[in-house]
Amino acid sequence: MGKIRIYQLAKELDIKSNELVDMLKELGIEAKSHMSTLEEETAKLVKEMLAGGEGKAQKEQEEEITAEKIVVNPPVNVKNIGEAMEVNPNKIIKQLIENGVMVNLTQNLTGDSLAEVEKILDIKVEAKEEEKKAQPVKPKKEERKKKKKEKDLVNRPPVVTIMGHVDHGKTQLLDVIREANVVASEAGGITQHIGAYQVDINGRKITFLDTPGHEAFTAMRARGAHVTDIAILVIAADDGIMPQTVEAINHAQDAGIPIIIAINKIDKENANPERVKQQLTEYHLVPEEWGGETVCVEISALQKTNIEELLEMILLVAEMEDIKADPKEKASGVIIEAQLDKGRGPVATVLIKDGTMRVGDAIMAGSTYGRVRAMINDKGERVKKAGPAMPVEVLGLSDVPVAGDLLESVKSEKEAKKIAEERRERKRELELTSDRPANLEQFFARMQDEEVKELKIIIKGDVQGSVEALKDSLNQIKSDDINLNIIHTGAGAISENDVILASASKAIIIGFNVRPDSRAKRIADQEGVDIRTYRIIYQVIDDVKKALEGLLDPEIREKVLGRAEVRDTFRVPKAGTIAGLYVTDGKITRNSKVRVLRDGVVIHEGSIGSLKRFQDDVREVEANYECGLNVEGFQDVKVGDIIEAFVLEEIKRKLSE
């Protein structure tokens, strides 16, 4: 005898699955969640009982008799409902949560969500009549157009975000799923850049969006949750729910997307999946086997245990969500990542949300525009078109767009350019200001003297994703006395224009994994602009916090001795790669530290293995001379790289001069 899942039966009966679960319980039929199964005979009996509509008519009659009618100021949300009922909205939220309905104070309630709230509160909600009259009546032509569009909708692959606390196995799970090693490309165990990948599971495609799981990258994770259809939350069975796990839950719930829990590391001796499930209930995520609707799968990414079951659950949830798109529409998508490539120019990773994008299409994203010159899929293959839920690298934009921007296809490049330039002009007006330069050490003293009321910051990073993450982390720093104002952000090396803007607006420049070029450094020294470079994001946050509190400790600061350009490379047995250098500025000394810069981005820091002129070892080489240099532990030096020599000096920090 066959079985049918409750959500499938609900679909046939054209009612919500949680409503059907409640009805079955009233009829005395065991039904824990929408994923539970019923025998075919039982399902048939339920259909017959509900077909007559007696229960439904009785229910409507009861509602008509007992429901209280209230008139709410638009928009219809819990906040305005609470005001109309003269009840604290938080009490309404609590009542809704207890009944399994997750909404926030300002969420617009329409259709099924409003009906669910009305049912629980036993009220009839109406918007003010004036607001209803203001709504234009759609002409018949638009109605026909809408029906045609609905007809053109087709099922598209679900976009899935894997989220979770650092070291809980998120990246390893993604690695197992797409059978590619992304773990090795991570620096310090933190995924620095977002990537999207499409996999084929039994003839059906799933798009995975890889967002970092670390607390400092809250902004990128939030953005990832909002562009996806399903969130997989990875929780280590031996560790349980951590702060970053809670943030991930909040982002997914706020986005209103279903959450699948992957309880990882069940192969460990101290694994306790039941404890994890117990913790989940505190965040209104009740596992199916406990009578809730949250899908929980116990897995081991290391031993590849239950991975197939997890993928089946993704496809099952996607089927329930009925995810559709219209491939015939003009393309629209989201910029997942963007960076400047030396050989290819601005490169943007785009996740197509609706429509189809083709090579040659005119596009715009934020204040950038262009024409699609080429598209490369996640396997590195060039493609001529990209449909819904497909991630592609796009070449052809005029500049590096901002991660999270909406990308749209437009009629012509001329139109795209006009709109982009208008947006750029508005942005430039906001950035311009006329204050004098700032210094982070002196900032607290000037703040105490009431000379300043805000700290202005310019952020530059190696890629746009890192910049956005840093920006969001800094914006979370709270102070009653001072306002933190990030006036400009961008990807790429710190340029002369950045220094000029900082000088004009009394801002400090924070560089993450990037360095200023020689001209920018010289102007910064002349103008007194404070440039601070970091490779660890948490040091940035810590320094800014301490500056706001006047607690900056004495620091070890670097002094740049000189720069040299790599003009040739040689392979020497035992010694490895030797870089043939021409010293362009200052000097290179034998005991200095060096960093290798490629397009202004730091790719390595380390010590000098050897420094030679011709065959002789030397202590230093000055500007306008050539030399040979070996960087300890680094063999990937290339022609065109810049070698920057520096030493570390102890600088006593001053709060005033």
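Quantities reported herein were computed from a predicted structural model and do not represent experimental measurements.
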Taking side chain to side chain donor-acceptor pair (under 3.5 Å) as the definition, give me every residue that meets it alongside [X], ordered by chain and number, with sequence neighbours left out.
{"X": "N377", "result": "E381"}
{"X": "N155", "result": "K324"}
{"X": "E408", "result": "none"}
{"X": "R156", "result": "D229"}

Residues which pass side chain to side chain contact (heavy atoms under 4.5 Å, CB included) with [X], listed by chain and number, not counting sequence neighbours:
{"X": "K418", "value": "E422"}
{"X": "E496", "value": "I500, R519, I523"}
{"X": "P287", "value": "K277, T281, E289, W290, C296"}
{"X": "K205", "value": "P157, Q198, D200"}

Report the residues that fulfil salt bridge (Lys or Arg N to Asp or Glu O under 4.0 Å) with K460, sequence neighbours left out, ordered by chain and then residue number.
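Expected list: D498.
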With R371 via salt bridge (Lys or Arg N to Asp or Glu O under 4.0 Å) - residues at least two apart
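Partners of R371 by the salt bridge (Lys or Arg N to Asp or Glu O under 4.0 Å) criterion, ordered by chain and then number, come out as E413.
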Intermediate values then yes/no, side chain to side chain donor-acceptor pair (under 3.5 Å), N513 and Y534:
CA-CA 6 Å; N513 253 2; Y534 301 85; over 6 Å; no
Please check: side-chain N/O of [X] versus main-chain N/O of [Y], any donor-acceptor pairing under 3.5 Å?
{"X": "T489", "Y": "V467", "answer": "no"}
{"X": "S367", "Y": "A420", "answer": "no"}
{"X": "D361", "Y": "R358", "answer": "yes"}
{"X": "D341", "Y": "V347", "answer": "no"}
{"X": "Q279", "Y": "G240", "answer": "no"}
{"X": "D462", "Y": "V514", "answer": "no"}
{"X": "D354", "Y": "E329", "answer": "no"}
{"X": "S473", "Y": "A469", "answer": "yes"}

With I241 as reference, evaluate L233, L280, L285 under the side-chain contact (heavy atoms from CB on, under 4.5 Å) test and give the passing residue.
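Exactly one pass, corresponding to L280.
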Report the C-alpha distance between L315 and I201 in whole Å, list the side-chain angles of each, state the deciding distance to 0.1 Å, and finish with yes or no for side chain to side chain contact (heavy atoms under 4.5 Å, CB included).
CA-CA 9 Å; L315 293 172; I201 310 296; 4.1 Å; yes
For a side chain to side chain contact (heavy atoms under 4.5 Å, CB included) check, start with the C-alpha distance between L474 and D472, then their side-chain angles and the critical distance, and finish with the verdict.
CA-CA 5 Å; L474 290 174; D472 241 71; over 6 Å; no
Which pairs would a plain distance check flag for residues 390-404, meaning a side-chain donor or acceptor within less than 3.5 Å of a matching protein atom at least two apart in sequence or in another chain?
| unit_1 | atom_1 | unit_2 | atom_2 | d |
| --- | --- | --- | --- | --- |
| E393 | OE1 | R344 | NH1 | 3.3 |
| S398 | OG | Y369 | N | 3.2 |
| S398 | OG | Y369 | O | 3.1 |

